[in-house]
Protein chains: 2
Amino acid sequence: MIPFETTVLKRGPLSPLIVKLGLYGQLSDHDVDTIGDLRYTAIDYQRNQRITTLSVIPPCVYVMVSGLACLSVLASDGRRQITRFLLPGDFCNVFDAEPIGSIEGIDILAPTRMAAVPAGVFHQLGASPTMNDVLMALVTNATAAARKTIGSLGLGNARGRIAFLLYEFAQTMVVRGLIGAPTDPLPLRQDHIADATGLTNVHVNRMIAQLRRDRILSGNGKVLEIADMTGLRSIAGIKW
Amino acid sequence: MIPFETTVLKRGPLSPLIVKLGLYGQLSDHDVDTIGDLRYTAIDYQRNQRITTLSVIPPCVYVMVSGLACLSVLASDGRRQITRFLLPGDFCNVFDAEPIGSIEGIDILAPTRMAAVPAGVFHQLGASPTMNDVLMALVTNATAAARKTIGSLGLGNARGRIAFLLYEFAQTMVVRGLIGAPTDPLPLRQDHIADATGLTNVHVNRMIAQLRRDRILSGNGKVLEIADMTGLRSIAGIKW
DNA sequence: CGTGTCGTTGAGGCCTGTCAACCTACGTGG
DNA sequence: CCACGTAGGTTGACAGGCCTCAACGACACG
């Protein structure tokens, strides 16, 4: 029997986008084909690049194809706060991840490829009622996810914040078909976790060591794996 | 000369909604009239009520008409994190403020009136292309605002977090026409600020006293006023 | 083998939380 | 008119979680 992923992956590099959109509504075969066949310009970015303005001449919608990036806000003193991670299939300059005016930028956390799709094409696609509903649900969901993060930052101590971040990140990766199981290695460095939780890398290191001793996390050194999703969720300390 | 507000206020109780929508696109006279004339059921809520499910039989869109409320997430131990404030004109159960499944609720912070508009009517309104764009911009903006809050919580210390919150709150109140100037008294108690910034009410009290000594805030006791918006913004510590 | 990246560990200090008491303003009822 | 209760704000003493600074280790790569 051919696994489900195979049929999706046959759609090509934009299949992560199809998977993502499919989470928010039933896509018609026509929509799936249209997206799968979209013409786009591939653009590659290197690690540690910060992008404040994506080229929009001609007007383009950027979709991440592979890699890892994030949106972040900077403090006056240069520190960085990651406000959301960007995964393959995520929009990078519109809809749920439209950077805030001049204060938010895109940081590339691992070698990343983006697909620049002419905005006109995409706007046309969004004209269909079902696709419009899907996009609206997408953005609404992003708002809700951001508010959950606000909850975690406000309510949790260091241990709780880290637990929440890892739980949500792994959950998202699985749902989006980017890893097979939540116990697979996560592509996060301790610095990323620090910048996303508002903690220092030193303290993140200590907390991760503690979570490993508690058998909530596994892996050594640079390999970060979740051992106990249920435990992680309860440590996050939110009343779900 | 008749001030602008007068013409808007003539639209009746739903004028805050018209003002809000107008921030995200040019509304046609027809749209304004339609919204101003919407039939709705008024529902009043008392302070300290927590609403986990708004009645949706029949399906309704809830719009706040007057008062003050917030969305909040609870910790396992019962503490509350305010994830966003709800002001007159805000949707309360759809679009930019759709509560997250079972984990988020609406807390009434001051006597509040909501307008329950039949969902069908509203869905019909959103069918027009321009209004659809307005709604999409609304939700996108809410996502961006939430991410800005994440930035403040992650980057700022107590002083910075409070400064950010008050700056954004006052700014929003002014833009929405709910107060005349950012130096007008704000309808926030110190407890609200504590729950929105993830601090304790005791520490919020000390920080507010400090900001008053620094002439950034004014007012005594229960009266909270901003004296210096520019100073507040720079204290927030975000690279704008 | 030098260099850079990322993780790890220790010592010390500050920011913020916790606990507790008290104060003012205001409304209610005898 | 006063006793009382409640809501919200204010202040002090103390503890602890997290930050800062610093050094070192493991590993990849040219």
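Every chain is numbered from 1, with letters handed out A, B, ... down the list of sequences.
Closest-nucleotide positions on DNA chain D for B:R189 and B:A209 were compared, and the one nearer the 5' end corresponds to B:R189.
At a threshold of 4.5 Å between non-hydrogen side-chain atoms, the residues A:N93 and A:E98 do not count as touching.
Per the geometry, CZ belonging to A:R47 stands 13 Å off C1' belonging to D:dC29, to the nearest Å. Per the geometry, CG belonging to B:L109 stands 15 Å off P belonging to D:dA7, to the nearest Å. The nearest whole Å value for the distance from the CG atom in B:L224 to the P atom in D:dG8 is 14 Å. Taking atom CG of B:N201 as the reference point, atom P of D:dG9 lies 9 Å away to the nearest angstrom. B:N220 places its CG atom 13 Å from the P atom of D:dG9, with the value rounded to the nearest Å. Whole-Å rounding puts the B:D195 CG to C:dG17 P distance at 12 Å. Computed from coordinates, the A:D191 CG to C:dT5 P distance equals 11 Å when rounded to whole Å. Put simply, CD1 on A:I193 is 11 Å from P on C:dT8, counting in whole angstrom units.
Between A:R84 and A:D96 a salt bridge is recorded (basic side-chain N to carboxylate O distance below 4.0 Å). Contact check on A:D90 versus A:K20 returns a salt bridge, with a Lys/Arg side-chain nitrogen under 4.0 Å from an Asp/Glu carboxylate oxygen. Ion pair A:R159/A:D214 flagged as a salt bridge, since at least one NZ, NE, NH1 or NH2 atom sits closer than 4.0 Å to an Asp/Glu carboxylate oxygen.
The environment of A:D77 atom CG is dense: over 12 non-hydrogen atoms of other residues, nucleotides or ligands sit within 6.0 angstrom. Within a 6.0 Å sphere centred on CZ of A:R212, other residues, nucleotides and ligands contribute more than 12 heavy atoms.
Neither OP1 nor OP2 of C:dG7 sits under 4.0 Å from any side-chain N or O of A:N205. Distances shorter than 4.0 Å separate some side-chain N or O of A:Q190 from OP1 or OP2 on C:dT8.
Across all strands shown, B:R161 has no heavy atoms under 4.0 Å from either base or sugar-phosphate atoms.
The only member of B:H192, B:R47, B:R80 that meets side-chain hydrogen bond (donor to acceptor under 3.5 Å, both in side chains) when paired with B:D107 is B:R80.
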Anything under 3.5 Å between a protein N or O and an N or O of nucleotides 17-24 of chain D, put it in a table, one pair a line.
residue, atom, partner, partner atom, Å
D:dC18, OP1, A:A158, N, 2.8
D:dC18, OP2, A:H203, NE2, 3.2
D:dC18, O5', A:H203, NE2, 3.4
D:dC19, OP1, A:T200, N, 3.4
D:dC19, OP2, A:T200, N, 3.4
D:dC19, OP2, A:T200, OG1, 3.1

